[in-house]
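What follows is a short report on a single structure.
Sequence lines set the chain letters: A, B, ... in the order given, protein chains first and strands last, and positions in each chain run from 1.
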Protein chains: 2
Amino acid sequence: MDHPEETGGGAGPTRGREATRARILASAKELFTNEGYGSVSSRMIASHAGVNVALINRYFGAKRGLLTELLREDGVFPGLIEGDPATLTRRLAEHAVSRLHGEGTALQRALDDSAGDPDLQAVYQGRITSAMIDPLTVYLGADSARAHASLMAAVILGLTRVRLVEGATALRALDRELLTNRLQALLDLCLEDFGASEEPGEPRDANGPGKS
Amino acid sequence: MDHPEETGGGAGPTRGREATRARILASAKELFTNEGYGSVSSRMIASHAGVNVALINRYFGAKRGLLTELLREDGVFPGLIEGDPATLTRRLAEHAVSRLHGEGTALQRALDDSAGDPDLQAVYQGRITSAMIDPLTVYLGADSARAHASLMAAVILGLTRVRLVEGATALRALDRELLTNRLQALLDLCLEDFGASEEPGEPRDANGPGKS
DNA sequence: GAGCGCAAGTAAACGCTGTTGACCTGTCAA
DNA sequence: TTGACAGGTCAACAGCGTTTACTTGCGCTC
């Protein structure tokens, strides 16, 4: 198991289990970041890493395994949920706007763009639930917490989706502060107790924002 | 294979350009509906339709062409946007909730579930913009109409996304009327004029819906 | 030191995909 | 009768993710 010395030591060996694993992972990260997930084949990763294709499946089970691993270290929703409850929606809104503007890890951006792929879908399926909805649910801790959390997730994910599908040029052109405020208001609204709080017959602005 | 006269007309010939096209389309629809898009291969469609694989590409350019064609007749957002402006958000909310509950065309449901596929993504990319965001923008007709429309689209698409990724069990367990009301309120909020209307420092319910 | 044994790495294939170009074939017009 | 041509077929292409059987290299024990 433990591989002694590994020639030269220090900076890192170029052979051996851990070294190879790391090399594959690094290549995958670089290629996914630059080309997206779907456009990068197992063979490309392997040849870029200077290893055999079969090793990808040996070490990561399948191409999808690479994704899981990369996302684990990258952290899709880094500690947004812990913290002062009073500013939760503000933090989430800022995070979402930041994502909308293409900020965040280069890998995150690339994966957002590849979000179509079934593999990504499958991996996100777990991550969004476990890294976002579940913690939110626990955090809120009320009866219908899960529903509130799901609603918030919908708003946040929907924004990513619109960016992907339409470009969200108009949204990105808005004053950032104003957009963040609006988003926060939406998230706050997601949190409000379900019940008789709304009056459906009385939309606030049904004619649009200033039809003039 | 059967080689009838096809002069009988009426029910339709089984050979000839239009007949073959229709047969392929029907098979694609049936298979996509039952198995999803990604799991159905060109060869499966062809063999189900009793035609040669090459004909799919001859008549529809590619597998993706089948999708485009099917979606054209199916109508993803059937005339929701025209109508009384005062009830626009209500209609959209009801539509979204209905989709959330898995109602709508069987094909729509199936395609929602396959939404991952790059092909679907590409086709939806055009459709969501042209069948939802563009009309909404025109409909609203204000300065920042596009931004409002994008925001509404985000909420609606996000809901689909959450259903896909998490199941949205909690949301579907809610009283349907309450959920629709909340959704309508969210959409109304999307429509409000951007400006100094919100006070970001004062979240409505930051501790969650009744931490008790 | 010789030989064993296992982990690391490799080569070649498998079965599948969407797609294409060359080839038949039946029907209709000249 | 002959030609043209649309409709239909077949076999192949290039690529994919993945797997199986194999070779190599290294440490450990006898």
Side-chain angles (χ1 to χ4, degrees), chain A residues 1-9 12-25 27-28 31-32 35-69 114 116-123, chain B residues 1-7 12-25 27-28 31-32 35-69 114 116-123:
Chain A
M1 174 178 298
D2 49 344
H3 274 98
E5 40 196 351
E6 300 279 10
T7 77
T14 59
R15 283 184 73 90
R17 182 181 182 88
E18 284 315 311
T20 305
R21 247 189 75 101
R23 208 131 40 86
I24 293 174
L25 223 41
S27 293
L31 290 175
F32 287 166
E35 323 265 357
Y37 179 80
S39 327
V40 176
S41 73
S42 304
R43 284 169 178 82
M44 287 170 68
I45 299 172
S47 98
H48 185 276
V51 305
N52 192 278
V53 209
L55 289 186
I56 292 181
N57 292 288
R58 172 191 282 271
Y59 286 134
F60 299 96
K63 192 187 172 191
R64 181 183 299 182
L66 276 171
L67 212 52
T68 315
E69 195 67 22
S114 304
D117 199 279
D119 275 8
L120 257 166
Q121 191 107 345
V123 175
Chain B
M1 173 186 325
D2 50 352
H3 41 340
E5 296 303 301
E6 82 169 83
T7 54
T14 59
R15 282 184 70 91
R17 182 180 181 86
E18 284 315 311
T20 305
R21 249 189 74 101
R23 207 130 42 84
I24 293 174
L25 223 41
S27 293
L31 291 174
F32 288 166
E35 322 266 357
Y37 179 80
S39 326
V40 176
S41 73
S42 305
R43 282 169 178 83
M44 286 169 68
I45 300 172
S47 99
H48 186 276
V51 305
N52 192 279
V53 208
L55 289 186
I56 292 181
N57 292 289
R58 170 190 282 271
Y59 287 134
F60 300 95
K63 193 187 172 192
R64 181 182 299 182
L66 276 172
L67 212 51
T68 315
E69 194 67 22
S114 304
D117 199 281
D119 275 8
L120 258 165
Q121 190 107 343
V123 174

Can you check the [X] [atom1] to [N] [atom2] distance for me, whole Å?
| X | N | atom1 | atom2 | value |
| --- | --- | --- | --- | --- |
| B:Leu55 | C:dT25 | CG | C1' | 14 Å |
| B:Asn57 | D:dG8 | CG | C1' | 14 Å |
| A:Arg58 | D:dA21 | CZ | P | 14 Å |
| B:Ile56 | D:dT9 | CD1 | C1' | 14 Å |
| B:Arg17 | D:dG7 | CZ | P | 5 Å |
| B:Met44 | C:dC16 | CE | P | 12 Å |
| A:Ile24 | C:dT10 | CD1 | C1' | 13 Å |
| A:Glu35 | D:dG15 | CD | P | 16 Å |

B:Ile56 CD1 to B:Leu25 CG distance, which is reported to the nearest 0.5 Å | 10.5 Å

Taking atom OH of A:Tyr59 and atom CZ of A:Arg17, what is their separation to the nearest 0.5 Å?
-> 5.5 Å

Counting side-chain heavy atoms from C-beta on, which of [options] comes nearest to [X]?
| X | options | answer |
| --- | --- | --- |
| B:Thr20 | C:dT10, D:dT9, D:dG8 | D:dG8 |
| B:Val53 | D:dG8, C:dG21, C:dT19 | C:dT19 |
| B:Ala54 | C:dT20, C:dT10, C:dA8 | C:dT20 |

Quick one: are B:Phe32 and B:Ile45 in side-chain contact, heavy atoms under 4.5 Å?
-> yes

Side-chain heavy atoms of A:Pro118 within contact of B:Pro118, under 4.5 Å | yes

Give the minimum heavy-atom separation between B:Asp117 and B:Asp119, together with the two atoms involved.
-> OD1-N, 2.8 Å

Within the structure, does a side-chain N or O atom of A:Asn52 lie under 4.0 Å from either OP1 or OP2 of C:dG9?
-> no

side-chain N/O B:Ser41 vs C:dC16 OP1/OP2, d < 4.0 Å = no

Contact class for A:Phe60 (heavy atom, under 4.0 Å): base, sugar-phosphate, or nothing?
-> nothing

Heavy-atom donor-acceptor pair, A:Arg43 side-chain to D:dG15 base, under 3.5 Å | no

